[in-house]
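Basis for what follows: all heavy atoms, side chains included, without hydrogens, waters or symmetry-related copies. Numbers restart at 1 for each chain; the letters A, B, ... are given by sequence-line order, proteins then strands.
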Protein chains: 2
Amino acid sequence: MLTIGKLSRLTGVKVPTIRYYEQIGLLSCPERSEGGQRIYEMAVGQRLSFIRHARELGFSLDDIRELLTLSDEPDQSCAAVDEIAKRQLVEIEKRITRLTALKTEMRRMLDQCACQTVSTCRVIEVLGDHTLCTDDH
Amino acid sequence: MLTIGKLSRLTGVKVPTIRYYEQIGLLSCPERSEGGQRIYEMAVGQRLSFIRHARELGFSLDDIRELLTLSDEPDQSCAAVDEIAKRQLVEIEKRITRLTALKTEMRRMLDQCACQTVSTCRVIEVLGDHTLCTDDH
DNA sequence: CTTGCACCTCTAGTGACTAGAGCAATTATA
DNA sequence: TATAATTGCTCTAGTCACTAGAGGTGCAAG
Ligand SMILES: [Zn+2]
Ligand SMILES: [Zn+2]
Ligand SMILES: [Zn+2]
Ligand SMILES: [Zn+2]
């Protein structure tokens, strides 16, 4: 049995975040002490660690909610699970592609700036005129 | 002279977004028609296009606010401008690094899954146990 | 003159928390 | 046992950059 603080230390999830997860129904309401404080069973630590790790890997809370539901049915096919993960992978790849293009553009801007006055600054110039860019973003 | 709709079409910034930018002081309040509708000078198009392009390149509205202020003083050194852009570049690079690590981890998870039942799903397993990962995130 | 689109203000919602106020319960120390 | 320190509680509001919707008004074409 754990207080919210201990659960927090155990999982690395901050106390207000745990309460937030309860509020949005990602964690079910735990028992309370006589004084009204939350008391968690040890197993909640597993669930919370799962949530934390999935968040670190970039899954949305909605995806996590679904993953948790799926993981409660061990005999089902894991196709749906893998589908969510694949979608997440594609998302990540898209973001990397986009950010890589931005990086190139930013570097080009900075490299071309002669570092004199604002009136001749290449950064300002390019920001004001997308046709000076090499690709769309 | 432009109505808000024309300004929107000219710059590709949505009407509510233009009003939002006015609300937070990124665009100054334009004149109004007798009926109370906003009427913009052509020059606002430049400013708004600058904002849009900077947003597309990932700058925050706070950074953009500062860039706009700086760009109004053409004779100053552009060091401060370039500083903001450099910071932004570093941010982008950090995000790429992080996302690349996530991508690796996600791919590993998916590759290792034998695609049978949830109980043996590698995705669920790894999400529940970070020690199965190859790096920190 | 009427139709229909564009425009107006204001409020609330998004995601995933975070901060803070003001108070109650529990635990550690004296 | 008394007190102090820590931890817990609820509730509200703030973050960022918008977006959606309600309920109303202005304006231009036919
Ligand atoms: Zn410069
Ligand atoms: Zn561009
Ligand atoms: Zn699987
Ligand atoms: Zn991990």
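No continuous path of hydrophobic side-chain contacts links Val13(A) to Ile39(A) [ILVMFWY only; heavy atoms under 4.5 Å].
A salt bridge does not link Glu41(A) with Arg47(A): every distance from a Lys NZ or Arg NE/NH1/NH2 to an Asp or Glu carboxylate oxygen is 4.0 Å or more. Salt-bridge annotation for Arg98(A) and Glu93(A): absent, with no side-chain N of the basic residue lying under 4.0 Å from a carboxylate O of the acidic one. Using a 4.0 Å cut-off between charged side-chain N and carboxylate O, Glu31(A) and Arg38(A) make no salt bridge. One finds a salt bridge joining Arg87(B) and Asp63(B) here, because a Lys/Arg side-chain nitrogen approaches an Asp/Glu carboxylate oxygen to under 4.0 Å. A salt bridge links Glu105(A) to Arg108(A): at least one charged side-chain nitrogen sits closer than 4.0 Å to a carboxylate oxygen.
Among the heavy atoms of the strands lying under 4.0 Å from Arg38(A) are primed sugar atoms or P, OP1, OP2 only; no base atom is included. At the heavy-atom level, Arg9(B) lies nowhere under 4.0 Å from the strands shown.
Side-chain atoms of Arg52(A) come within 3.5 Å of backbone N or O of Thr11(A) as a donor-acceptor pair. The backbone N or O of Leu127(A) lies less than 3.5 Å from a partner atom in the side chain of His53(B), making a donor-acceptor pair.
Taking the C1' atoms of five terminal pairs at each end of the helix from dC1(C)-dG30(D) to dA30(C)-dT1(D), the two resulting helix axes are inclined by 10°, rounded to 10°.
By the side-chain hydrogen bond (donor to acceptor under 3.5 Å, both in side chains) test, Thr117(B) pairs with Ser119(B), sequence neighbours left out. Here Glu83(A) pairs with nothing under the salt bridge (charged side-chain N to carboxylate O under 4.0 Å, His left out) rule; sequence neighbours left out.
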Full working for salt bridge (charged side-chain N to carboxylate O under 4.0 Å, His left out) between Lys94(A) and Glu91(A): CA-CA 5 Å; Lys94(A) 263 194 226 160; Glu91(A) 262 314 302; 3.5 Å; yes
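Using modelled atom types and a 3.5 Å distance limit, the side chains of Asp62(B) and Ser60(B) yield no donor-acceptor pair.
Atoms CD1 (Ile18(A)) and P (dT10(D)) sit 13 Å apart, rounded to a whole Å. The CD1 atom of Ile24(B) sits 8 Å away from the P atom of dC18(D) (whole-angstrom rounding). If you measure from atom NZ of Lys14(A) to atom P of dT7(D), you get 16 Å, rounded to the nearest angstrom. Here the C1' atom of nucleotide dC9(D) and the CD1 atom of Ile4(A) are 9 Å apart, to the nearest Å. In this structure, Arg19(B) places its CZ atom 16 Å from C1' of dA17(D), rounding to the nearest Å.
Contacts between residues 43-67 of chain B and DNA chain D, counted as heavy-atom distances below 4.0 Å, involve Arg55(B), Ser60(B), Leu61(B).
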Footprint string (nucleotides 24-30 of chain D, 5' to 3'): B base within contact, S backbone only, - free, heavy atoms under 4.0 Å: --SS---
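Between Thr3(A) and Gln37(A), every side-chain heavy-atom pair lies at or beyond the 4.5 Å cut-off.
When DNA chain C is scanned 5' to 3' for any atom under 4.0 Å from a heavy atom of chain B, the first and last hits are dC7(C) to dT9(C).
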